[in-house]
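First comes the structure, then the notes that go with it.
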Amino acid sequence: MEERSFAAKVLAWFDRNGRKDLPWQQSPEPYSVWVSEIMLQQTQVAAVIPYYQRFMELFPDIQALAVAPIDAVLAAWSGLGYYARARNLHRAAEIIARQEGFPDTLEAWMKLPGIGRSTAGAILSIAYSTSHPILDGNVKRVLSRFYAVHGWPGKSHVARELWHLSAECTPQERVADYTQAIMDLGATVCRRSKPLCQICPLNEECRARRENRIAELPGRKAGRPLPAKQCVFLLLQDDPGKRILLERRPPRGIWGGLWSFPEYRDIDAALSWCQENAVPVHRHQTLTSRRHTFSHYHLDYTPVLVHTENPKHFVMESGGAVWYKVETIAKLGVPTPVRQLLQTLSCDEDNND
DNA sequence: AAATCGGGGGG
DNA sequence: CCCCCAGATTT
């Protein structure tokens, strides 16, 4: 019941708004549908169009592709990426040419290299009008949102659930249009970011939308949680000259060789350092902690702003530290968090002056 | 800088 | 079953 209205709504949307003039939609023959579906794996429509047109000129039918040298096929593929697709396409063409005509069952298509369940389903439903579900990235997105299926689709139990839903939603009638429609809807309306829910034909019953969970669906791959490290940055400011102390970081490690604030384990360590180095702490203020993420860990840093009166007593190690005027630091090689903090500082000064 | 995308292949 | 990869593009 609900499934019927699902397909009916998707088809009605397709009739009014779907793309029906794409090059491979002009005549639904197995060869052109197959070539286009392989190209559309992992690749967006706009990128595929010129490649598809050139490919069909060079290899207009299965025989032409089967007898072509692999180098010619790869040359035609050059720039599309995932070149295993081209090699599989060519191998499959040789196999098909040896047989009598194209396969006409799901199982037979799936035996060919480069064709899995989803691509086989697309070819059969579009070129043969036999009802088979598909589950490409677009359909995963539409279904996981519409039914609020949580979890990363790469997990087998999530994929099973989505395949089940896709099969339920796939109609017997007009299956070729439906397959194009659901992919088109996912690509143009139910987009990964900034989906156009206002104009979506499924918006009223979409569970993700009703529950305000569009952004979290489909679930992402559980990236290994990065470890978090904590530190304190000492923002030492001399009130008379409005200068900030920067240190050059060691050549190895994060921000190697860049200029940064002196770094400590915690606030006590920072303040002790001031005391031990005869830096009179006029007043100090702990700012809100922030997070900076590296490829391998998060750095949660707490800026401690210390105003000091007379930095003349402080002797810097040779070349290791330097006082900079906040305005001139912008030109210096400093890491992003340092640049951001300096910006905050100068803004606050503007406000306070 | 990170996420994405369907199928193949290896542990 | 689970994880990783290819590669160019998008955010």
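Everything numeric in this text was worked out from a predicted model, so none of it was measured. Protein chains get the first letters and strands the later ones, always in sequence-line order, with residue 1 at the start of each.
We find that CG of A:Leu40 is positioned 17 Å from P of C:dA8, with the value rounded to whole Å. If you take NE2 of A:His157 and C1' of C:dC3, they are 16 Å apart, rounded to a whole angstrom. Going from atom CE of A:Met39 over to atom P of C:dA6 covers 22 Å, rounded to whole Å. Distance CZ (A:Arg117) to C1' (B:dG7): 14 Å, rounded to an integer number of Å. Rounded to an integer number of Å, the gap from CZ of A:Arg192 to C1' of B:dT4 is 5 Å. Atom P of nucleotide B:dC5 and atom CD of A:Gln41 are separated by 13 Å, given to the nearest angstrom. Atom CG in A:Asn138 sits roughly 13 Å away from atom P in B:dT4 (whole-Å rounding). A:Tyr83 has its OH atom 17 Å from the C1' atom of B:dG7, to the nearest Å.
Residues A:Arg19 and A:Thr188 have side chains that never bring a donor and an acceptor to within less than 3.5 angstrom of each other. Defined by atom type and a distance below 3.5 Å, a donor-acceptor pair is missing between the side-chain atoms of A:Arg85 and A:Asn88.
If you check every strand for non-hydrogen atoms under 4.0 Å, A:Lys194 touches nothing. Contact annotation for A:Arg141: backbone-only contact, meaning every heavy-atom pair under 4.0 Å involves sugar-phosphate atoms and none involves a base. Within the nucleic acid shown, A:Arg160 comes within 4.0 Å of sugar-phosphate atoms alone, with no base atom in reach, counting heavy atoms only. As judged by a 4.0 angstrom heavy-atom cut-off over every strand, A:Gly79 is placed among residues touching the sugar-phosphate backbone only.
When distances are taken from the side chain of A:Gln44 to each of B:dG8, B:dC5, C:dT10, the shortest belongs to C:dT10.
Annotation: B:dG11 and C:dA6 have their P atoms spaced 15 Å apart (nearest Å).
Checking side-chain atoms of A:Arg191 against main-chain N and O of A:Leu196 turns up no donor-acceptor pair under 3.5 Å.
Dashed line: the shortest gap from a side-chain N or O of A:Lys155 to OP1 or OP2 of C:dC3 is under 4.0 Å. For A:Thr119 and B:dG7, the shortest distance from a side-chain N or O to OP1 or OP2 is below 4.0 Å.
A:Leu185 and A:Ile214 are not part of a single hydrophobic cluster, where members link through side-chain heavy atoms under 4.5 Å apart. A single hydrophobic cluster is not seen to contain both A:Met110 and A:Val175; linkage of ILVMFWY side chains at heavy-atom distances under 4.5 Å, directly or through other members, places them apart. Hydrophobic clustering keeps A:Met56 apart from A:Val67 (ILVMFWY residues linked when any side-chain heavy atoms are closer than 4.5 Å, directly or through intermediates).
Identified under the side-chain hydrogen bond (donor to acceptor under 3.5 Å, both in side chains) test for residues 109-123 of chain A, with sequence neighbours left out: A:Gln41-A:Thr119.
A 4.5 Å side-chain heavy-atom check between A:Leu341 and A:Tyr301 finds at least one atom pair inside the cut-off.
When each of A:Arg87 and A:Ser156 is assigned the nucleotide of DNA chain C bearing its nearest heavy atom, the one mapping closer to the 5' terminus is A:Ser156. The 5' end of DNA chain B is approached more closely, in terms of each residue's nearest nucleotide, by A:Thr43 than by the other of A:Leu112 and A:Thr43.
Taking a pair as Watson-Crick or G-U wobble with both distances under 3.5 Å, DNA chain B forms stems of 3 or more consecutive pairs at B:1-5 with C:7-11, B:7-11 with C:1-5.
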